[in-house]
Amino acid sequence: SPSVDIFSLGLTLYELAASADFEMPSEGPKWHELRNATHRPELPPTRTRAITSLIRSMIQSKPANRPSADHLLQQVDPLRKAGAECDEFLRDYIRDVEEYDKLEETRKAMVRQEAGEIGLTPRNAASTG
């Protein structure tokens, strides 16, 4: 049924959005918590309220309380925007790390060059700088 598909898709999204150490239970108490909607998704703080709310709605225990496929399609743009904001943050972070690495390599090259000009070995230069 469509509501079962929505529940399964919600679990899939939950697993994708969860932290790397999260393991989706396939049985036992944790599975029953998920199945009975007594478990609240534990997502990293980098996940938006929109995605957390959407996942919670999709894994409701009562099929009638789950969103329809049409409703999910209406949520695509807000989720895409949230993903773009996250991608922008990651892009900026990676750019900052790359800039730092370049500056650090430049600094190390200057230390090596200065050490060579005054006859120091790189090890001695590091201890004098």
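Numbers here simply count residues along the sequence, with the first being 1.
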Quick one: pull up [atom1] in [X] and [atom2] in [Y] and give me the separation to the nearest 0.5 Å.
X   : Y    : atom1 : atom2 : result
E99 : E104 : CD    : CD    : 14.0 Å
T12 : F7   : OG1   : CZ    : 10.0 Å
I94 : D101 : CD1   : CG    : 11.5 Å

Answer yes or no: is there a donor N or O on one side and an acceptor on the other, between the side chain of [X] and the main chain of [Y], under 3.5 Å?
X    : Y    : result
R47  : A17  : yes
S57  : L54  : yes
R107 : K102 : no
R66  : I6   : no

Return the minimal non-hydrogen interatomic distance between M58 and G10, and the atom names on each side.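 Here M58 and G10 meet closest at CE-N, 3.4 Å.
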Looking at I59, I55, L72, which hits side-chain contact (heavy atoms from CB on, under 4.5 Å) with L13? I55
